[in-house]
Amino acid sequence: MRSTRLALLAAGVGLTLVLSACGANEDTGGGGGGGEDTADQSSGGIPVGVILPETATSARWEGFDEPMLEAALKAEGLDPDIQNAQGDVQKFSTLADGMINDGVKVLIIAAINSEIGGTVAQKANDQGIPTIDYDRLNLGGSSEYYVSFDNVKVGELQGQGLADALEGKQGAQVIEIEGAPTDNNATLFYEGQQKVLKPLYDAGTLKLVRSQPIDNWDNQKGGTTFEQILTSNSGKVDGVVAANDGLAGAVITVLKKNGLNGKVPVTGQDATADGLKAILAGDQYMTVFKPIKGEAEATAKLAAALADGDTAAADKIATDTSEDPEGDRDVKSVLLDPFLITKDEVKRVIDEGYVKADEVCTGDLAAACTELGIS
Ligand code: BGC
């Protein structure tokens with residue numbers, strides 16, 4: 001049955017017919033662990049699908065997004081099937097097909113890149129399933145709604161953090177290790193950073209050595225790329241923009257090898273346990289805390305409204321707009337505030353329950369935690 005259905009789908013035969021012929025409760029394989037939670041057999045609640053992009057680029061996707069989306073969607077009376085494509089676009093597509101076949105009423109996508117995100121959204125929309133772009137906007141896509149943070153502001157906080165850390169160091173040399181060029185967020189982070197840093201480069205207060213985007217946010221590649229830039233600059237660096245904590249960690253490994261950790265401020269993002277530890281150790285200057293619970297809750301409220309077909313209610317939630325320059329359109333959005341975290345604010349992330357004290361206050365860091373009142 002499964003192969004027949006896939007063949008029919010591949011042949012572009014009307015999905016509604018196929019669905020009613022096969023029933024919606026057969027596990028297509030695409031839905032993975034969610035197979036038993038489908039429309040017919042659900043424990044109650046309207047089925048919605050969530051596809052997350054990968055796990056290796058940031059600890060956030062598994063550590064924060066997955067559990068927080070699950071809780072928020074359930075709290076809205078929805079029955080979520082949450083899967084992760086592990087950075088594989090083919091898998092992303094297969095997961096989406098599985099969820100569409102399973103009869104999800106809303107599809108929430110955080111795509112690996114705009115191309116696959118746009119393709120999947122279009123496919124779902126063609127079946128009458130509304131889509132929400134989650135965290136990453138798919139440029140040229142068709143989702144009517146987008147939930148994220150103010151990503152230009154994220155970049156501004158990174159730029160400001162580095163500028164503060166380098167204050168008084170005239171002509172300090174900066175290397176920028178940026179996110180994936182195929183992730184619109186990385187473009188926005190860069191835009192925000194440059195708002196602060198470009199005038200300083202132009203004035204000669206800071207000196208840009210090189211700015212390098214890293215394909216797929218690949219942390220390892222970020223480290224080797226940083227090492228090459230450092231070597232070709234005769235081992236000189238005074239400050240590093242790293243677009244997230246994963247890239248920051250890779251940069252710090254290289255700085256350690258060169259005896260430079262703790263002397264060279266490094267930025268970050270996501271307030272991961274490793275990022276916070278590096279801050280407490282003095283190896284990373286700052287991170288950006290994006291309270292993902294709020295992102296998950298706004299997404300769940302939007303999904304509930306859309307599952308009810310209540311676009312008026314959805315529009316009341318998504319009162320911001322985001323520009324999609326490729327699609328030449330404005331997308332209705334919820335854009336939340338990010339926060340700058342230096343050593344003194346690490347406590348906040350722990351107090352808000354994102355990271356546990358015993359995940360960061362290990363070994364030598366216990367003393368720093370005591371000093372900062374973290375327990
Ligand atoms: C997210 C960041 C994350 C990065 C890598 C971006 O789209 O907004 O929070 O660190 O992707 O996963």
Side-chain angles (χ1 to χ4, degrees), residues 50-66 68-69 84-89 92 108-118 132-139 141 143 146-158 176-193 213-223 241-251 266-276 278 284 286-296 298-299 322 324 333-341 349 354-355:
V50 181
I51 314 178
L52 299 175
E54 66 257 339
T55 51
T57 60
S58 170
R60 66 168 284 178
W61 302 112
E62 260 188 317
F64 304 148
D65 295 277
E66 205 271 337
M68 290 174 176
L69 278 165
N84 191 304
Q86 305 294 353
D88 177 343
V89 287
F92 199 96
I108 297 158
I109 47 186
I112 298 164
N113 58 52
S114 288
E115 197 186 345
I116 186 64
I132 300 171
D133 283 358
Y134 179 78
D135 200 75
R136 299 174 175 174
L137 179 68
N138 296 307
L139 297 184
S143 294
Y146 174 50
V147 181
S148 193
F149 288 85
D150 178 341
N151 292 309
V152 174
K153 177 91 186 288
V154 170
E156 283 180 53
L157 294 177
Q158 293 171 323
E176 299 177 347
I177 300 297
E178 302 292 350
T182 49
D183 176 358
N184 182 54
N185 285 348
T187 309
L188 300 176
F189 302 149
Y190 178 76
E191 188 186 319
Q193 292 157 15
I214 302 297
D215 284 345
N216 302 317
W217 290 92
D218 183 330
N219 291 183
Q220 229 185 330
K221 180 132 183 288
V241 171
N244 76 356
D245 287 355
L247 293 170
V251 164
V266 179
T267 70
Q269 173 181 186
D270 290 343
T272 61
D274 284 346
L276 297 178
Q284 186 172 324
M286 55 81 75
T287 187
V288 178
F289 174 42
K290 301 191 294 187
I292 289 170
K293 194 157 174 274
E295 190 178 22
T299 304
S322 298
D324 169 5
S333 307
V334 178
L335 299 177
L336 303 163
D337 282 333
F339 300 93
L340 177 78
I341 301 290
V349 184
Y354 280 78
V355 175

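Every number for a ligand or one of its atoms is a count from 1 in the order of the listing.
Not a single heavy atom of F149 sits closer than 4.0 Å to an atom of ligand 1.
Defined by atom type and a distance below 3.5 Å, a donor-acceptor pair is missing between the side-chain atoms of T182 and N113. Side chains of Y134 and D65: a donor on one and an acceptor on the other come within 3.5 Å. Side chains of T55 and N84: a donor-acceptor N/O pair is absent below 3.5 angstrom, by distance only.
Per-residue contacts place E54 under 4.0 angstrom from the following atoms of ligand 1 (heavy atoms of the residue considered): 12 (O). Atoms of ligand 1 found under 4.0 Å from any heavy atom of F189 (numbered from 1 in listed order, with element): 8 (O). In the vicinity of K290, heavy-atom distances shorter than 4.0 Å reach the ligand 1 atoms 1 (C), 2 (C), 8 (O), 9 (O). Listed by number with element, the atoms of ligand 1 under 4.0 Å from a non-hydrogen atom of D270 are 2 (C), 3 (C), 9 (O), 10 (O). Of all atoms in ligand 1, numbered sequentially from 1 with element shown, those under 4.0 Å from a heavy atom of S58 are 10 (O), 12 (O).
Protein heavy atom at the shortest distance from atom 11 (O) of ligand 1 is R136 NH2, 2.9 Å. What sits closest to atom 6 (C) of ligand 1 on the protein, heavy atoms only, is D183 OD2, 3.3 Å. Atom 12 (O) of ligand 1 has T57 OG1, 2.6 Å as its closest protein atom, hydrogens excluded (heavy atom only). Ranking the protein heavy atoms by distance from atom 1 (C) of ligand 1 puts D135 OD2, 3.3 Å first.
Between F64 and Y354, the two ring planes are perpendicular [angle over 60°; tilted spans 30° to 60°].
Taken from OG in S114 to CG in L137, the straight-line distance is 7.0 Å, to the nearest 0.5 Å.
Open room surrounds CD on E115; 12 or fewer heavy atoms of other groups in view lie less than 6.0 Å from it.
Here the side chains of V241 and Y190 are not in contact, with every heavy-atom distance at 4.5 Å or above.
Checking only distances, N151 never comes within under 3.5 Å of ligand 1, N or O to N or O.
Across D183, N151, N184, a single residue satisfies side-chain hydrogen bond (donor to acceptor under 3.5 Å, both in side chains) together with R136, and that is D183.
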